[in-house]
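Structure first, then comments.
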Amino acid sequence: HIAWVIGAIITSFLVKFLALPYLFLFIGLFSILSLITDQKIPLLDKEKVKKLFSKKSFLKQTIKKIFSKKPIKEAIVFVKESPRRFIYTLWYEGLYNILEYIGFLFIPLIAIRNSFSLSQIALIFALMKLPYVTNFFVVSFSEKFNKKLFVAVVLIFLSFLYGMLWFEMSFGSILIVSFGIAIGLSLIRPLVSALISESSVKENAGSITGIQQFVWQFGKMGGSLWFGILSALFGMYSAFFLVGLSLFVLATWWLAKRFKRNKAIQKRILNNK
């Protein structure tokens, strides 16, 4: 995350002097430099090249796995056999990644629509990544509270910020709103991971990580597609308002349901006494 922040700040400076396409040349340049500085890469001879592309090589097995249906079937079976609380926490993972991808993908597009410069957009991105640098401290802080309740309260906070993007804003206003969204998302990121770890069996750590990654990527794809459809139908500003409204309804419904359940438990305890 520090690298993202530094890279965005450097880009905000360089884009004033270089056209945007030329900045992508640095990717190739730094890739070559990293290969040169890595002294542990073995020299390739003909035998090693043949071995790399053989039927039982890691490369071929990886490609085979990517296009195989077996891992997906195994993942579905694993989820079906998992405790209900683990499946429940996966919804948090999916929702988080939908919100994150909508923010990082479409807020810069809002900035472009408002005629902000590329340098300003890079600064917005840098500021949005900044809270993630220290978000690992949140875990120790949040242990004082109920994790699920904490996430729900943050989601209500985020619903208002996403809804505010319905209005046309100045550069300063976009900076404040986007930074607020980043703070909210960075607060719940470690909590979601903690909830998944707490609700799963340690012996299945590899499978759990794979499932989490699957939900993570699916949330990003589904979120961008869903928001893209909303933008096409109602416009980008209205789409942000609908996201905020949906998030508010979801979070308040969950809190009301939790409050009702806790009240019923307390009543049952009193009756037993």
Side-chain angles (χ1 to χ4, degrees), residues 1-44 49 52-53 58-60 62-63 65-67 96-135 162 165 168-179 181-183 185-186 189 213-214 216-232 235-237 239-240 243:
H1 291 301
I2 290 173
W4 279 111
V5 173
I6 293 171
I9 292 171
I10 292 171
T11 302
S12 70
F13 175 76
L14 288 178
V15 80
K16 292 180 180 180
F17 306 99
L18 292 171
L20 184 62
Y22 290 107
L23 294 182
F24 289 95
L25 295 176
F26 285 97
I27 298 172
L29 175 63
F30 286 124
S31 298
I32 294 167
L33 288 173
S34 65
L35 287 172
I36 292 170
T37 55
D38 193 340
Q39 301 298 323
K40 294 182 180 180
I41 297 176
L43 294 172
L44 293 176
V49 172
L52 184 65
F53 293 98
F58 173 78
L59 185 64
K60 287 236 175 158
T62 303
I63 294 170
K65 282 282 185 183
I66 290 170
F67 294 99
Y96 165 80
N97 286 289
I98 288 171
L99 294 174
E100 185 191 42
Y101 216 61
I102 286 174
F104 280 97
L105 185 63
F106 289 96
I107 287 177
L109 294 180
I110 285 280
I112 290 172
R113 182 167 287 187
N114 289 349
S115 301
F116 295 158
S117 68
L118 291 174
S119 180
Q120 288 175 318
I121 294 168
L123 287 175
I124 291 171
F125 185 84
L127 197 64
M128 288 182 73
K129 274 292 179 183
L130 191 60
Y132 288 83
V133 175
T134 57
N135 69 341
Y162 277 100
L165 291 169
E168 193 168 336
M169 294 183 175
S170 64
F171 176 64
S173 300
I174 286 260
L175 273 179
I176 293 168
V177 172
S178 59
F179 186 60
I181 289 173
I183 289 174
L185 291 173
S186 68
R189 172 66 273 176
Q213 287 287 327
F214 173 79
W216 180 6
Q217 299 301 333
F218 190 80
K220 287 183 176 181
M221 291 186 294
S224 57
L225 180 63
W226 171 62
F227 192 87
I229 292 169
L230 286 178
S231 298
M236 197 179 297
Y237 293 102
F240 271 110
V243 168

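Remember, predicted model here, so these are calculated numbers, not experimental data.
Side-chain atoms of Ile176 and Phe179, non-hydrogen and from C-beta on, never get closer than 4.5 Å to each other. You'll find the side chain of Ile174 reaches within 4.5 Å of the side chain of Leu165, heavy atoms only. Leu99 has its side chain within reach of Val243: a pair of non-hydrogen atoms, C-beta onward, lies under 4.5 Å apart. Annotation: side chain of Phe104 is in contact with side chain of Lys129 (closest heavy-atom distance under 4.5 Å). Residues Thr11 and Leu14 have side chains not in contact (no heavy-atom distance under 4.5 Å, counting atoms from C-beta outward). Taking 4.5 Å as the limit, every side-chain heavy atom of Glu168 sits out of range of all side-chain heavy atoms of Arg113.
Of all non-hydrogen atoms in Gly219 and Ile98, the two that sit nearest each other are O-CG1, 3.2 Å. Shortest non-hydrogen contact noted between Pro108 and Gly103 is CD-O, 3.7 Å. The minimum heavy-atom distance between Ser173 and Ser170, with the atom names listed, is OG-OG, 3.1 Å. Met169 and Asn114 get closest at one heavy-atom pair: O-ND2, 3.4 Å. Counting all heavy atoms, side chain and backbone alike, Glu100 lies closest to Trp216 at OE1-NE1, 4.4 Å. In this structure, Ile102 and Gly223 approach most closely via the heavy-atom pair CG1-O, 4.0 Å.
Heavy-atom contacts from other residues, nucleotides or ligands closer than 6.0 Å to OH of Tyr237 number more than 12. Atom CD1 of Ile2 has 12 or fewer heavy atoms from other residues, nucleotides or ligands within 6.0 Å.
At distances below 3.5 Å, at least one donor-acceptor pair connects side-chain atoms of Ser119 with backbone N or O atoms of Ser12.
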- Message: Walk me through whether Leu185 and Tyr132 qualify under side-chain contact (heavy atoms from CB on, under 4.5 Å).
- Response: CA-CA 9 Å; Leu185 291 173; Tyr132 288 83; 3.3 Å; yes
- Item | Evaluation steps, side-chain contact (heavy atoms from CB on, under 4.5 Å), between Phe125 and Ile107 | CA-CA 9 Å; Phe125 185 84; Ile107 287 177; over 6 Å; no
- Message: Could you go through Leu123 and Phe116, starting from their C-alpha distance and side-chain angles, then the distance that decides it, and tell me whether this counts as side-chain contact (heavy atoms from CB on, under 4.5 Å)?
- Response: CA-CA 11 Å; Leu123 287 175; Phe116 295 158; over 6 Å; no
- Show the numbers, then the answer: is there a side-chain contact (heavy atoms from CB on, under 4.5 Å) between Trp226 and Ile229? CA-CA 5 Å; Trp226 171 62; Ile229 292 169; 5.8 Å; no
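Ring pair Tyr162/Phe240 is parallel by interplanar angle, where below 30° counts as parallel and above 60° as perpendicular.
In this structure, the ring of Phe26 has its center no less than 6.0 angstrom from the ring center of Tyr22.
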